[in-house]
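Notes follow once the structure below has been shown.
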Amino acid sequence: MRLSPINLRRWARFKSNKRGWWSLWLFLILFGLSLGAELIANDKPLAVRYDGEWYFPAFKRYPETTFGGEFPMEANYKSPYIRQLIDDKNGWILWPPIPFSYDTINYDLRVPAPAPPSAENWLGTDDQARDVTARVIYGFRISVLFALTLTILSSLIGVLVGALQGFYGGWVDLLGQRFLEIWSGLPVLYLLIILASFVQPNFWWLLGLMLLFSWMSLVDVVRAEFLRGRNLEYVRAARALGMRNGMIMFRHILPNAMISTLTFMPFILTGAIGTLTSLDFLGFGLPAGAPSLGELVAQGKSNLQAPWLGISAFVVLAVMLSLLVFIGEAARDAFDPRK
């Protein structure tokens, strides 16, 4: 798809902001690596060569009997017994760089958990002897995926509500604004905590709860653009030619309104990550045991004698949010009509 001249100028302005440009690339690299977390941090081998055959335990479960064992249960590839069976057939095992998943308990620690950083556990372990590096990688992925999903869904709803209010005006706008005033006045975090305490929270349940309130952030921006755009001459001409309201809204006015919308989306993304981290920190977020940066922050607070927990969580959150803010600033400058 070929970009229009004005979009090419916007892209050039975005690239000219070196901080935002390199932040975008660094964020994409980190997010891409986290999407392949199972290939980086896993307690199952990436590949096993046994008796002339290839096996891929990271993607498929194999019983112990596959490698000459006695029990039809999933093989424990760290067991000396299974390793010996594979070695007897001139086989070998290819492990990922971090041989732990986010929920793997390291039973071979030489010190009580939480254990400090070592050659085996690069960022140490938490108070349940789980590898912090693996939990950070998986936690980064789930935080970004959660925030991206929430941002996209809330933007769709916010743009639709703002477009209807701004285009039709009158009682639609008046009633919509009164509803927004009441709904936005509710204490969001407290309501999320109360609602999350009724059920066992999970990814989709939390997403639905946060979506109830996050869609309001774009309504005012889109509403203002539609209030301005509905009185422009080309919109009046389209209406005079008999074009339907839906076609006028989404073909003629919405592209102009999306300029301001796109500049807000990175900041909505950072807000979603911050809210999820807060809920996890308070214990009302993702289920217990899930890879969570907020839960890692809570562990750092509870284990002050293990500073690597709090430092790891702080560095990951600081880098992630800083990159998103820099990207948002570059996008805002690129879409600024004054430039």
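Since the model is a prediction, treat every value here as computed from it, not as a measurement.
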Count the heavy atoms belonging to other residues, nucleotides or ligands that lie under 6.0 Å from CH2 of Trp54, then report whether that count exceeds 12.
->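 Yes - once you tally the heavy atoms of other residues, nucleotides and ligands closer than 6.0 Å, there are more than 12.
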Taking atom CZ of Phe314 as the centre, report whether more than 12 heavy atoms of other residues, nucleotides or ligands fall under 6.0 Å from it.
-> no
Stepwise side-chain contact (heavy atoms from CB on, under 4.5 Å) check, Leu296 with Leu309 = CA-CA 6 Å; Leu296 189 60; Leu309 297 176; 4.0 Å; yes
Shared hydrophobic cluster for [X] and [Y] (ILVMFWY, side-chain gaps under 4.5 Å):
X      : Y      : result
Ile157 : Phe267 : no
Leu156 : Val219 : no
Met216 : Ile152 : no

Does the [X] side chain pair with the main chain of [Y], one donor and one acceptor, at a distance under 3.5 Å?
X      : Y      : result
Thr125 : Ala115 : yes
Ser217 : Ser214 : yes
Arg135 : Ala290 : yes
Asn303 : Ala306 : no

Heavy-atom side-chain contact between [X] and [Y] under 4.5 Å:
X      : Y      : value
Asp127 : Ser302 : no
Asp333 : Arg13  : no
Ile105 : Arg130 : yes
Tyr50  : Ile86  : yes
Phe31  : Ser34  : yes
Ser154 : Leu211 : yes
Lys78  : Asp108 : no

Would you confirm whether the ring centroid of Phe326 sits within less than 6.0 angstrom of the ring centroid of Phe27?
-> no
For Asp173, all residues meeting salt bridge (charged side-chain N to carboxylate O under 4.0 Å, His left out), sequence neighbours excluded =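 Partners of Asp173 under the salt bridge (charged side-chain N to carboxylate O under 4.0 Å, His left out) test: Arg223.
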Within this structure, what is the [atom1]-[atom2] distance for the pair [X] and [Y], rounded to the nearest 0.5 Å?
X      : Y      : atom1 : atom2 : answer
Glu120 : Arg110 : CD    : CZ    : 8.5 Å
Leu321 : Thr277 : CG    : OG1   : 7.0 Å
Asn121 : Asp131 : CG    : CG    : 4.5 Å
Ile327 : Leu26  : CD1   : CG    : 8.5 Å
Ile142 : Leu286 : CD1   : CG    : 5.0 Å
Ile29  : Leu24  : CD1   : CG    : 9.5 Å

Let me see the working for Leu30 and Val144 under side-chain contact (heavy atoms from CB on, under 4.5 Å), right down to the final yes or no.
-> CA-CA 10 Å; Leu30 294 176; Val144 175; over 6 Å; no
Verdict with reasoning, Glu181 to Gln177, per side-chain hydrogen bond (donor to acceptor under 3.5 Å, both in side chains) = CA-CA 6 Å; Glu181 290 173 1; Gln177 285 299 103; 5.2 Å; no
Donor-acceptor contacts, no H, no angles, side chain residues 55-62, under 3.5 Å, sequence neighbours left out:
residue : atom : partner : partner atom : Å
Arg61   : NE   : Glu74   : OE1          : 3.1
Arg61   : NH2  : Glu74   : OE1          : 3.2
Tyr62   : OH   : Phe56   : N            : 3.2

Test Leu276 against Leu150 for side-chain contact (heavy atoms from CB on, under 4.5 Å), laying out the working first.
-> CA-CA 11 Å; Leu276 178 63; Leu150 181 63; over 6 Å; no
Would you please test Gln84 and Tyr81 for side-chain contact (heavy atoms from CB on, under 4.5 Å) and show each step?
-> CA-CA 5 Å; Gln84 185 62 44; Tyr81 173 66; 5.8 Å; no
Can you label the angle between the Trp21 ring and the Trp25 ring as parallel, tilted or perpendicular, going by 30° and 60°?
->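 Judged by the thresholds at 30° and 60°, the geometry between Trp21 and Trp25 is perpendicular.
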